[in-house]
Amino acid sequence: QVQLVESGGGLVQAGGSLSVSCAASGRTFSNYAVGWFRQAPGKEREFVAAISRSGGSTNYADSVKGRFTISRDNAKNTVYLQMNSLKPEDTAVYYCAAHPFVSAQTMAIMTGRINNWGQGTQVTVSS
């Protein structure tokens with residue numbers, strides 16, 4: 001198990017940028033693929049982006065491709081999500097999640113089976 005803590009959410013105007021971070025503690029972080037998911041009010045939690053254990057492979061939802069960038073620093077046990085050109089529809093609680101020994105592509109389809117989640121951070125984009 002790893003413990004995950006998100007930070008960096010906030011309020012930003014449409015077209016602006018925001019970066020959120022996910023700090024991990026516990027087991028060997030480099031064994032875990034990490035993903036970002038989001039949940040807007042009244043909607044199901046959805047996949048946003050994921051990164052492989054080494055950071056060499058990434059995967060993005062079509063809705064954020066070209067605007068969001070996921071990265072990781074295994075020496076700091078931290079994963080980042082840089083969000084640019086934000087839209088009001090990006091408003092949601094953003095969660096990071098980690099699962100051992102899976103690919104960044106697999107993270108996109110296993111929302112209900114991931115066993116390590118952070119508490120979430122609110123991102124609000126005003127129009």
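In this chain, numbering begins with 1 at the start of the sequence shown.
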CG on N59 to OG on S103, rounded to 0.5 Å: 8.0 Å
Distance-minimising heavy-atom pair for V48 and V64: O-CG2, 3.5 Å
Check: G55 main-chain N/O paired with R72 side-chain donor or acceptor under 3.5 Å: no
Distance (rounded to the nearest 0.5 Å) between S19 OG and Q82 CD: 4.5 Å
All pairs passing ring-ring contact (aromatic ring centres under 6.0 Å, His included) where residues 99-121 contributes a residue, at least two apart: F37-W117
Smallest separation among heavy atoms of L11 and S126, with atom names: CD1-CB, 4.3 Å
Side-chain hydrophobic cluster, 4.5 Å single linkage: members besides Y32: V2, L4
OH on Y94 to SG on C22, rounded to 0.5 Å: 14.5 Å
Heavy-atom pair with the smallest gap, counting every atom of S17 and S85: OG-N, 4.4 Å
Nearest-0.5 Å distance, OG1 of residue T121 to CG of residue L81: 11.0 Å
Within 6.0 angstrom of K65 NZ, more than 12 heavy atoms from elsewhere: yes
Any side-chain heavy-atom pair of W36 and I51 under 4.5 Å: no
With T78 via side chain to side chain contact (heavy atoms under 4.5 Å, CB included) - residues at least two apart: S21, A23, K76, Y80
Carboxylate-amine/guanidinium proximity below 4.0 Å for K87 and D90: no
Where A104 and S52 come nearest, the two heavy atoms and their spacing: CB-N, 3.8 Å
Straight-line distance of R53 CZ to T28 OG1, nearest 0.5 Å: 11.5 Å
Atom of F68, atom of R38 and distance for their closest heavy-atom approach: CE2-NH1, 4.1 Å
Linked, directly or transitively: V20 and V34 (ILVMFWY side chains, under 4.5 Å): yes
Check: E6 side chain, Q119 main-chain N or O, donor-acceptor pair, under 3.5 Å: yes
Closest non-hydrogen atom pair between A98 and N115, with its separation: O-OD1, 3.8 Å
T91 side chain near Q122 side chain, heavy-atom distance below 4.5 Å: yes
